[in-house]
Structures are given as structure tokens and as C-alpha cells.
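Let me begin by presenting the structure, written as C-alpha cells, before commenting on it.
Values below: all heavy atoms of this structure, side chains included; hydrogens, waters and symmetry mates excluded. Indexing begins at 1, ligand by ligand and atom by atom, following the structure's order. Count residues from 1 along the sequence.
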Amino acid sequence: MRINGNYLDLKESYLFSLIAKKVDEYKQNNPEKEIIRLGIGDVTLPLVSAVTKAMKKAVIEMENAETFMGYGEEQGYGFLRRAVCDYYEKKGVLLDETEVFISDGAKSDLGNILDIFGINNTVLIPDPVYPVYVDTNIMAGREITFINGNEDNSFLPLPDETTAGDIVYICSPNNPTGAVYTKEQLKIWVDWALERDAVILFDSAYEAFIRDENLPTSIYQIPGTKKCAIEFCSLSKTAGFTGTRCGYTVVPNELVREDIPLNRLWLRRQTTKFNGVPYIVQRGAKAVFTEQGLSQIRENIDYYLNNARIITETLLELGIWFTGGNNSPYIWLKCPDKMTSWEFFDLILDKYNIVGTPGVGFGKQGEGFFRLTAFANTDNVKIAMDRLKE
Ligand code: PLP
């Protein structure tokens, strides 16, 4: 037996363990200090009542032989796939139910989708980036090239004629930078992909944070995209499902390579290796898309966006360069005085008792930058920002 040696090529992820270690040490040495965590990548508000009500009802159904549900429909229950299609219709995107696959979250699908692509494809990944894109491709042994985000392109890199790649990841609104592509910018990516038969893997996990009506909340709002993109979405940040687990992936029927619809391959992959999301969870997910559910989750997202606004207003006042924070729960700031990401981490932990995430943990291009998140309690965000202003 031989192991998959590609795993040995993975870089150890010290980021969050090192942060935890530094914070623990600081707490031990300064027990009287109150630390405020603005590095959290998880939601803090609970599930909304529309969701829990639907889930409770589903639990009762599972209790009775007449309404009990065993294995579910292969791609997810029709009631949920229809709800997703209706949600997209409101964005001006018409989907067929066969194009929607319900999953236990975007992370699994983003990793698993690689099963349907040949190993010899080159992958193009923006830097800095959500680390899952890089690590899953290293595990598979695929060649990776990077396209750099930086201050000059406001961390929204765009391809030109020389940019190569068969599969490209785009995350908008972006984790970690909070930056959001405009329709015009996404069109440049779509044209680039169509020209060379590349496939875009579009991660829209944070689409619900977009409040600017001119910004795209789905890549399919760009004409022609159904021929070149798969979209991954999640209820994790949209509706507080990080611990409940549900997402959906759209594989358009028009997306065909080597005469084979990728939808067919993904269906085959999922039906072979995945047995679906719990009925109770899918009922809760369906409730997200009801009028009541959508209005309740909007309130929660508004709460986080208000936190983001408090942070961005402070940065503006302090004259610190940043992206994100509008239409996104992430704020990506440039460390002042040419500090490295970790120097800035140490400084604001020691001096202001604030914890954030060093940008260099998301890629080389993240060096000198720092991520704050809006998932904290508003009172704490205000205290943290007052400390920074002082
Ligand atoms: N995509 C991005 C950009 C994320 O930041 C996250 C979670 O943090 C995910 C996907 C994964 O979401 P899920 O909880 O649905 O697996």
C-alpha cells in the first residue's frame, strides 16, 4: 500500500493554531485584559425562527411512520431545489431544477468537484484566497498557477491574453479580502473562459451580503456564463447554517466539454459518493427561501453589515487603506508603517487587545495585510474601534 504522497506537499496550516497559541499566551500573562475577537470566520447569531420552526415540524414528521423519510431524492428534495430556482429567478437567472444540487455545504462541493476534471488541467487560483482551493488541488496533484491580487488591482485580479488556466476559481464577495467583482469585471473573466474553453468555479458563499444592486450576486447574471461556470453557494453565512450544514451547487446543462455535459458527470459523482443532506436540514433550508425566512436572515446580515460599517468608518477616519466591508463581512486592511501581517497582529493584540487574522495566512500576496471580520457582537466591535481610534 502506498499513501497519496501529494498530501505531503501540503503546507502545514499554522495560521489558526498560531493565533490561538499567541492569544492564550497573552491571556495567561494579562488575565485582567478583555480580548475582542475580530478574526472570527463563523457566524454568531442563531438560526432564525422560520428555519427552526420548519425543522421542528420535520422532526415530528420523522417521528411518525406515515410521514417518516428515509433516503432522500438524489440531487436534494424537489421542494428545496425549486426554492433555489425561485431565488435565482428573482436575480434574473432562470435555472432548471436538474441544474441544482443540494449539498452539505460549499466546502465539500468545492473540494469534490475536482473528481470530474482530468488531472492534467492547470488550475488558476487568485492569491490571496480561501485556502481550500489550493489544498484540494495539491491533494489531487494538479498543477497550480496563481494570479495576484494587490493594492493596485484592489485585490480583484483580472486575466489578460497571456493568462493561462483550464480551471479558475473566483470568489466574490471574496474571503479574505471582502472585495466584490462588478458585472463588467466578471464579464472579462467569462469572455476569457469562453475563449479558451476554461471552466470557472464561482464561489458565491457571501452573495447575500451584497446590498449594492449593481453588483452581481450570481455569475449567471453575466450572459453566456452557463457555458463556462459552476456556481457554489452555501447557507452557512447567509442563514447561520455553519453548524447545520446545507448548500447548493449549480451545474448548468449548457456546460459541456469534450461533448459531455458536466452536469451528467457531477450527478454521477454525487449519486456514487454522496447520500444527501438530512431531510430535517433541507426543510430548514427551504424555510430560508420563504418570504419570512428571507426577511429574517436579511435582518441578521444587516447586523453583521452594520458591524462592518463601524469598522470601515474607523479605518477611513484613521486613513488606513482597506477593501471589503461594504457588501461583505470581511475587511482587508493594509498594515500601517510597512508592518508585516504578524507584526501588526502582535501590535494590536498587545496594545489594543484585538484579535484579527494575518493576511499572509491566505497567500503570499496577503503579506502586509490583515483581515477583520464583522461576525462579532456590535458592542465589542464598537469598543475595539474606540481602542484603535485612541
Ligand atoms: N467558500 C468560502 C469563500 C468560505 O469562506 C467558506 C467558509 O468559510 C466556504 C466556502 C465554506 O462554506 P460551507 O460552510 O458551506 O462549507
Could you list each N/O atom of ligand 1 together with any protein N/O atom closer than 3.5 Å, one pair per line with the distance?
unit_1   : atom_1 : unit_2 : atom_2 : d
ligand 1 : 1 (N)  : D203   : OD1    : 3.4
ligand 1 : 1 (N)  : D203   : OD2    : 2.6
ligand 1 : 5 (O)  : N175   : ND2    : 2.8
ligand 1 : 5 (O)  : Y206   : OH     : 2.6
ligand 1 : 8 (O)  : Y206   : OH     : 3.4
ligand 1 : 8 (O)  : K237   : NZ     : 2.9
ligand 1 : 14 (O) : S236   : OG     : 2.6
ligand 1 : 14 (O) : R245   : NH1    : 2.9
ligand 1 : 14 (O) : R245   : NH2    : 3.4
ligand 1 : 15 (O) : A106   : N      : 2.7
ligand 1 : 15 (O) : S234   : OG     : 2.6
ligand 1 : 15 (O) : S236   : OG     : 3.3
ligand 1 : 16 (O) : A106   : N      : 3.4
ligand 1 : 16 (O) : K107   : N      : 2.9
ligand 1 : 16 (O) : R245   : NH2    : 2.8

Aromatic ring proximity W332/F369, centre distance under 6.0 Å: yes
N174 and S172: side chain donor to acceptor below 3.5 Å: no
Pairs flagged by salt bridge (charged side-chain N to carboxylate O under 4.0 Å, His left out) wherever residues 212-229 is involved - sequence neighbours left out: K227-E254
Qualifying side-chain hydrogen bond (donor to acceptor under 3.5 Å, both in side chains) pairs, either residue in residues 126-149, two or more places apart: Y133-D203, N137-R142, N137-Y169
Residues that F289 engages under ring-ring contact (aromatic ring centres under 6.0 Å, His included), provided they are two or more places apart: Y87
Neighbour count above 12 (heavy atom, 6.0 Å) for N29 CG: yes
